[in-house]
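Below: the structure, in structure tokens.
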Amino acid sequence: MDTDTLMASFLRRGVLWPTAEIYGGLQGFYDYGDAGSSVKRNLETAWERWFVGLSPGYYRIDPALVLPESVLRASGHLDNFSDPLVACDACGERFRADSLLEEWGIKDVEGLKVEEIQAQFSQSERKCPKCGKGRLTPPKAFNLMFGLDIGPEGRERGYLRPETAQSSYLAFSRLWNVMRKKLPLGVAVVGRVYRNEIAPRQVLFRLREFTQAELQIFFDPEAPSPSWQVPPDARVPALTARSRAQGANRAEPVALRQLVESGEMPGFYAYHLYMAYRFYRDVLGYPEGQIRLFEKNDRERAFYNRIQYDIELNLESLGGFKEMGAVHYRGDYDLSRHSEGSKSDLGVTLDGGKHLIPHVLELTFGVDRNVWGLGDVHLHNEKDRIVWSLPPYLAPAVAGVLPLIPKEHGPIATMLYHTLRTEGFRVSMDESGSIGRRYARLDEIGVPFAITVDRESLSAQTYTIRSRDGKDQVRGSISDILSILRKAVVSPLSMGNPP
RNA sequence: GCGGACAUAGUGUAGUGGUUAGCACGCAAGCUUCCCAAGCUUGCAACCCGGGUUCAAAUCCCGGUGUCCGCACCA
């Protein structure tokens, strides 16, 4: 689906729209409407059921959005989450100070603090690399975090969290105790995060406020869970760093078990990478051929990530494969940093006396990106209608109740509507316009069923139920309808542990 | 942030200085209608914001905001 058609549909149906639109909007912010917030929430729920369900040792928390400066200093965000920028005073072109220093042959730029970069810079007499004439201004840190002054005097410096992960690390020692001191321990967070992006773009793809779904798994790398096994025949479309180095640019089916056996990838990593892949394929319904696992090489991944695969989706609207999520093996970086920063020992002593700082495997997902992805992949422009072929458990409602002739069938329809609600289904009702028009409205926001109340409903208490995808209809009693709806909203696969 | 393009009802658009700002779809009310955006009637609804030029600005100029594309950025 192309961006224009997708966005027009989303606007027309109130799936989402720009924040503060009547004031001209705000770059990098969008609001979700009824259908959009429902799809987003269903996606979050499906994510949680899938990933938290992977192990009895995985839990969910809901931490604060604001973090004190000390946390982000320890995590490295204060230094590394900002780009020192310099500008040319003649042509105005901007450069990253650290990349310039690298170009000029200064070593170990990676680990330099902003002040050190500034010092290095003031010693140089270089001219603008673009126009060759202008002088370069002193480096200025552009931090991608939104700062806050907390309290009436604003004495406490805080930030809106730039990722949910830090909160999980902070919660580790309390959870360790509450959850009875067992590894692996998984902590899931679904929540909003904030980044002051230089150039937000592409609607839901680069936002300044967005929702992440992340699972941080704390574990002992020498004794991973015995249940973390990839099935012997598990294959994923992968583009590994090694094959890219050899010139490959297309994903090939890779047998994960083989990578594990040949020692290229630890088993705990392969298992979670596989489950992440399956979430996209089986739960979100992205076609196999449009997903790929893209391994970041040494240069591309963050220094604390030992292994990093991005899960990418080929999106027509964005012209290629885009990152929708990732699996990072972060080692003991996070708990070590926070042990140091907070002066509290985040190491644990296992039953048997072994002491270690748990390692972290991070599974991270962009929720908004995936709402967009669901639109791009599942919204179809058929010849006489637009259909959003969402998996039913992600749809904003499972059914719409439609009185064929509102004046005659309205009251029964209202009763049916309340009955279905009482049974726990999300349903809508629409009495406006011809029946075909009402079907079309439901199709476009992805509602999988339409239940029509007609003459026979009055005499025989039966209703027709029409499916979104096939436009076919069957007639049935309330209990028939309930069983159809029940079947639809349960994922075809078990939403927890896979077979 | 830089450069370029663009901004008209809910959506898609027409409109090159003087228009009651047009069209389509949509939406609403009514009639009709027992099933896929049907028909008839009647309505609703827009020039992104702020300055300037001009007798007169949707139209020209400047600034802002926003969107898209390229560059840069994406820990």
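Lettering follows sequence order; numbering is per chain, from 1.
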Is there a Watson-Crick or G-U wobble partner for B:rU16 with both distances under 3.5 Å, and if so, which one is it? none

Any cation-pi pair here, A:Arg466 with A:Tyr439, using under 6.0 Å and within 45°? yes

Would A:Arg292 and A:Phe321 count as a cation-pi pair here, with the cationic atom under 6.0 angstrom from the ring centre and within 45° of the axis? yes

Without swapping roles, check the side chain of A:Arg369 against the backbone of A:Glu323 for a donor-acceptor pair under 3.5 Å. yes

When we call it a touch if two heavy atoms are under 4.0 Å apart, what does A:Phe29 touch: a base, just sugar-phosphate, or nothing? nothing

So what does A:Arg12 hit on the nucleic acid, given a heavy-atom distance under 4.0 Å: a base, only sugar-phosphate, or nothing? sugar-phosphate

Contact list please: residues 466-483 of chain A against RNA chain B, heavy atoms, distance less than 4.0 Å, in numerical order. A:Arg466, A:Lys471, A:Gln473

Answer with base, sugar-phosphate or nothing: what part of the nucleic acid does A:Ala199 contact at a heavy-atom distance below 4.0 Å? base

Would you please classify the geometry between the A:Tyr269 ring and the A:Tyr309 ring as parallel, tilted or perpendicular, with 30° and 60° separating the classes? tilted

State yes or no: are the ring centers of A:Phe51 and A:Phe365 separated by less than 6.0 Å? yes

Considering only atom P, compute the distance from B:rG64 to B:rG26 and round it to an integer number of Å. 41 Å

Let's see if you can work this out: which of B:rG1, B:rG12, B:rC35 has an atom nearest to the side-chain heavy atoms of A:Ala8? B:rG12

Now, which nucleotide makes the Watson-Crick or G-U wobble pair with B:rG70, with each of the two distances under 3.5 Å? B:rC2

C1' gap between B:rA14 and B:rC23, integer Å: 7 Å

Can you sort out which residues in residues 359-378 of chain A have a heavy atom within less than 4.0 Å of RNA chain B? Ascending by number, please. none

Need one value for A:Asp4: base, sugar-phosphate or nothing, where a base atom within 4.0 Å counts as base even if backbone is also close, heavy atoms only. nothing

A:Thr211 and A:Glu44: side chain donor to acceptor below 3.5 Å: no

Under 3.5 Å for both donor-acceptor distances, Watson-Crick or wobble: does B:rC25 have a partner, and if so which one? B:rG10

Side-chain donor-acceptor contact under 3.5 Å, A:Thr164 with A:Ser167: no

Measuring to OP1 and OP2 of B:rU11, would you say a side-chain N or O of A:Ser9 lies under 4.0 angstrom away? no

Gap in Å between the two P atoms, one belonging to B:rU20 and one to B:rU41, rounded: 26 Å

Would you measure the distance from the P atom in B:rG17 across to the matching atom in B:rC74 and give it in whole Å? 47 Å

Would you say A:Thr452 places a side-chain N or O within less than 4.0 Å of OP1 or OP2 belonging to B:rC35? no

Name the nucleic acid region contacted by A:Glu456, choosing base, sugar-phosphate or nothing; use a 4.0 angstrom heavy-atom cut-off, strictly under. nothing

Please state the P separation for the pair B:rA57 and B:rG51 - nearest whole angstrom. 13 Å

Nearest to the side chain of A:Arg206 - B:rG12, B:rC74, B:rC36? B:rC74

Considering only side-chain heavy atoms of A:Thr464, which listed nucleotide, B:rC69, B:rU11, B:rC35, is closest? B:rC35

Distance, C1' atom - from B:rU67 to B:rC27, rounded to whole angstrom: 26 Å

Looking at A:Lys407, does any N or O in its side chain come under 4.0 Å of the phosphate oxygens OP1/OP2 on B:rU33? no

Separation of the C1' atoms in B:rC44 and B:rU65, to the nearest angstrom: 29 Å

Between A:Gly28 and A:Ala440, whichever has its closest RNA chain B nucleotide further toward 5' is A:Ala440

Give the nucleotide from the list B:rC34, B:rU32, B:rC36 with an atom nearest to the side chain of A:Asp454. B:rC34

Of all the nucleotides listed (B:rA28, B:rU33, B:rC35), which has the minimum atom distance to the side chain of A:Ser432? B:rA28

Look at A:Arg437 and B:rA38 and indicate whether a side-chain polar atom (N or O) is within less than 4.0 Å of OP1 or OP2. yes

For the pair A:Phe219 and A:Phe268, name the ring-plane relationship: parallel under 30°, tilted 30 to 60°, perpendicular over 60°. tilted

Contact under 4.0 Å: A:Arg441 side-chain N or O vs B:rC27 OP1/OP2: yes

Students often mix this up, so state it plainly: with edges at 30° and 60°, are the rings of A:Phe303 and A:Tyr333 parallel, tilted or perpendicular? perpendicular

If you compare every side-chain N and O of A:Arg13 against the phosphate oxygens of B:rG10 (OP1, OP2), does one of them come in below 4.0 Å? no

So, A:Tyr159 and A:Glu69: side-chain donor and acceptor under 3.5 Å apart, yes or no? yes

Assert yes or no for the condition that the ring centre distance of A:Tyr329 to A:His359 is strictly below 6.0 Å. yes

